[in-house]
Every structure is written in structure tokens, then in C-alpha cells.
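One structure is given here, and the rest of the page talks about it.
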Amino acid sequence: QGVSSAASDVYKRQLPGLDQLRSLREGKGIAIEALARKVGISPSYLALIESGERQPDAAIRRSLAWELTVPGWREQS
């Protein structure tokens, strides 16, 4: 009853810059393989996240935020 659309709106608002994940990673000079290994996912899955084909779950978002020091992603429960 509107919950899913409201949830997706909140989800989008709480993920500032996820679409800029690749540029953030490259800007910090981190290879995709290195970031994927630190976060515990495969480089191919990380590439799908970076391209927008996959949405990472909360645990992966927190790990990405931690590794890339992006506070907005880290604060999610």
C-alpha cells in the first residue's frame, strides 16, 4: 500500500553517490579487484554494482562506505 514506493524513495535518498562509486574508487586510486577483495565480493559483482545493474545489500553498502570513507552510506541500519 505505497510502502514499496516510499521505501524505494528513501532507499534512493539514503544512497548519495552510489552511482558515482566507480569515480570515487578511481579517485582514491583503488583497483576494482582490491576494493572487491576488501569488501568480500567478486570484482565482477562490484563491476555490476558500479554499472548500476545490481543494488548492493546493506552490509555491502556499509563495507563500501567504510573502505571509501563515504559517511552517508555508513549510517544505514
Side-chain angles (χ1 to χ4, degrees):
Q1 301 170 352
V3 172
S4 61
S5 65
S8 71
D9 287 347
V10 167
Y11 180 78
K12 287 174 190 163
R13 271 200 309 275
Q14 288 181 340
L15 287 175
L18 188 60
D19 59 331
Q20 299 168 345
L21 178 59
R22 181 176 180 176
S23 59
L24 279 169
R25 175 181 58 75
E26 290 176 343
K28 292 180 181 290
I30 304 171
I32 192 168
E33 295 85 0
L35 181 58
R37 185 169 51 247
K38 286 183 176 181
V39 173
I41 60 178
S42 69
S44 58
Y45 185 58
L46 181 52
L48 290 172
I49 294 170
E50 288 185 350
S51 70
E53 293 179 54
R54 294 287 183 275
Q55 290 296 322
D57 65 23
I60 293 172
R61 287 197 306 269
R62 282 193 299 270
S63 294
L64 288 168
W66 179 258
E67 295 300 333
L68 295 172
T69 60
V70 180
W73 298 346
R74 203 176 316 176
E75 294 163 3
Q76 299 183 53
S77 56

Worked check of side-chain contact (heavy atoms from CB on, under 4.5 Å) between I41 and I49: CA-CA 11 Å; I41 60 178; I49 294 170; 4.0 Å; yes

Pairs involving residues 41-55, ordered by first then second residue, that meet salt bridge (charged side-chain N to carboxylate O under 4.0 Å, His left out) (sequence neighbours left out): R25-E50

Side-chain touch V39/E67, heavy atoms, less than 4.5 angstrom: yes

Residues that K28 engages under side chain to side chain contact (heavy atoms under 4.5 Å, CB included), provided they are two or more places apart: I30, L68, T69

Any side-chain heavy-atom pair of L21 and L46 under 4.5 Å: yes

A47: partners by side chain to side chain contact (heavy atoms under 4.5 Å, CB included), with sequence neighbours left out: I32

Any residue meeting side chain to side chain contact (heavy atoms under 4.5 Å, CB included) with S42, in chain and number order, not counting sequence neighbours: S44, Y45

Partners passing side-chain hydrogen bond (donor to acceptor under 3.5 Å, both in side chains) against R37 (at least two apart in sequence or in another chain): none

Set of residues satisfying side chain to side chain contact (heavy atoms under 4.5 Å, CB included) with respect to E33, sequence neighbours excluded: A31, P43

